Amino acid sequence: QVHLVESGGGMVQAGNSLRLSCTASERAFTTYALGWFRQAPGKEREFVSSISASGVTTRFGDSMKGRFNISRDNAENRVYLQINTLEPEDTAVYYCAADPYSDVDSAQRFASFYDYWGQGTQVTVSS
């Protein structure tokens, strides 16, 4: 399987920002749509953001619009999630995932489209 490794999580104070990154072992990563999901204690895993293989299309979860941004660096087989003005409610394990089969301009919202997942990185936001 494609190996995905997240980094950039940690404990931060509310109001600060973080940039999470996810690096893939596979060069074909450049042709995959990519997504970020998160799961907080006691909650379902939820969609955060996704970006198409082309980079043209980005999508965000309904509760993430405004403070989140997603970008990719195909030369480095890497995808980023920028979270600004962190809130305690952002505390969760954040996972990156790769979707190898969607169209070049498609960015999916549903976990079932993603075949490869990272181990997750913990983000803890204190008030």
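Since this is a predicted model, take the numbers as computed values, not measurements.
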statement: Applying salt bridge (charged side-chain N to carboxylate O under 4.0 Å, His left out) to Asp90 and not counting sequence neighbours gives Arg38, Arg67
task: With sequence neighbours excluded, tell me which residues meet side-chain contact (heavy atoms from CB on, under 4.5 Å) with Ser54.
output: Ser52, Val56, Val104, Asp105
message: Applying salt bridge (charged side-chain N to carboxylate O under 4.0 Å, His left out), can you list everything that pairs with Glu89, at least two apart in sequence or on another chain?
response: none
- prompt: Can you name the salt bridge (charged side-chain N to carboxylate O under 4.0 Å, His left out) partners of Glu76, sequence neighbours left out?
  reply: none
query: What is the ring orientation for Tyr32 with Phe29, classed by angle as parallel under 30°, tilted 30 to 60°, or perpendicular over 60°?
result: perpendicular
query: Does the Thr124 side chain pair with the main chain of Thr91, one donor and one acceptor, at a distance under 3.5 Å?
result: no
query: Lys65: what forms a salt bridge (charged side-chain N to carboxylate O under 4.0 Å, His left out) with it, not counting sequence neighbours?
result: Asp62
- request: With sequence neighbours left out, write down each residue that passes side chain to side chain donor-acceptor pair (under 3.5 Å) with Glu87, or none if nothing qualifies.
  value: none
field: Heavy-atom pair of closest approach, residues Leu4 and Ala97
entry: CD1-CA, 3.9 Å
field: Close side-chain approach of Ile51 and Thr57, heavy atoms under 4.5 Å
entry: no
task: Sorted by first residue and then second, give each ring pair (Phe, Tyr, Trp, His ring centres under 6.0 Å) pair with at least one member in residues 45-104; sequence neighbours left out.
output: Phe37-Phe47
query: When rounded to the nearest 0.5 angstrom, what distance separates OG in Ser49 from CG in Asn69?
result: 7.5 Å
message: Are Leu20 and Thr121 packed together at the side-chain level, in the sense that at least one heavy-atom pair is separated by less than 4.5 angstrom?
response: yes
query: Under a 4.5 Å cut-off applied to non-hydrogen side-chain atoms, are Val79 and Ile70 in contact?
result: yes
message: Can you pull out every disulfide (SG to SG under 2.5 Å) where at least one residue sits in residues 74-127? Sequence neighbours excluded, please.
response: Cys22-Cys96
field: All side-chain contact (heavy atoms from CB on, under 4.5 Å) counterparts of Ser17, not counting sequence neighbours
entry: Gln82, Asn84
field: Side-chain H-bond candidate by donor/acceptor type, Gln119 with Glu6, under 3.5 Å
entry: yes
query: Is it true that Tyr116 and Val48 fall in one hydrophobic cluster, defined by side-chain heavy atoms closer than 4.5 Å?
result: yes
task: Say whether Phe113 and Met64 are linked into one hydrophobic cluster, either directly or through other cluster members, by side-chain heavy-atom distances under 4.5 angstrom.
output: no
- prompt: Are Arg45 and Trp36 in a cation-pi contact, defined as NZ or CZ under 6.0 Å from the six-membered ring centre and within 45° of the axis?
  reply: no
- request: Please confirm whether the backbone N or O of Gln108 pairs with a side-chain atom of Ser50, one donor and one acceptor, at under 3.5 Å?
  value: yes
task: Begin from the C-alpha positions of Arg78 and Thr23 and carry the test side chain to side chain donor-acceptor pair (under 3.5 Å) through to its verdict.
output: CA-CA 4 Å; Arg78 188 167 293 161; Thr23 304; 2.8 Å; yes
message: With side chain to side chain contact (heavy atoms under 4.5 Å, CB included) as the criterion, how do Leu81 and Arg19 come out once you've worked through the C-alpha distance, each side chain's angles and the decisive distance to 0.1 Å?
response: CA-CA 6 Å; Leu81 180 71; Arg19 188 175 71 163; over 6 Å; no
query: Is there a side-chain contact between Leu34 and Tyr114, using heavy atoms and a 4.5 Å cut-off?
result: no
- line: side-chain contact (heavy atoms from CB on, under 4.5 Å) filter on Gln13, not counting sequence neighbours, yields Asn16, Ser126
task: Identify, with sequence neighbours excluded, every residue that meets side chain to side chain donor-acceptor pair (under 3.5 Å) alongside Ser7.
output: Ser21
field: Pairs satisfying disulfide (SG to SG under 2.5 Å), at least one member in residues 98-127, at least two apart
entry: none
task: Over all heavy atoms of both residues, which pair between Glu46 and Ser63 is shortest? Give the atoms and the distance, please.
output: OE1-OG, 4.1 Å
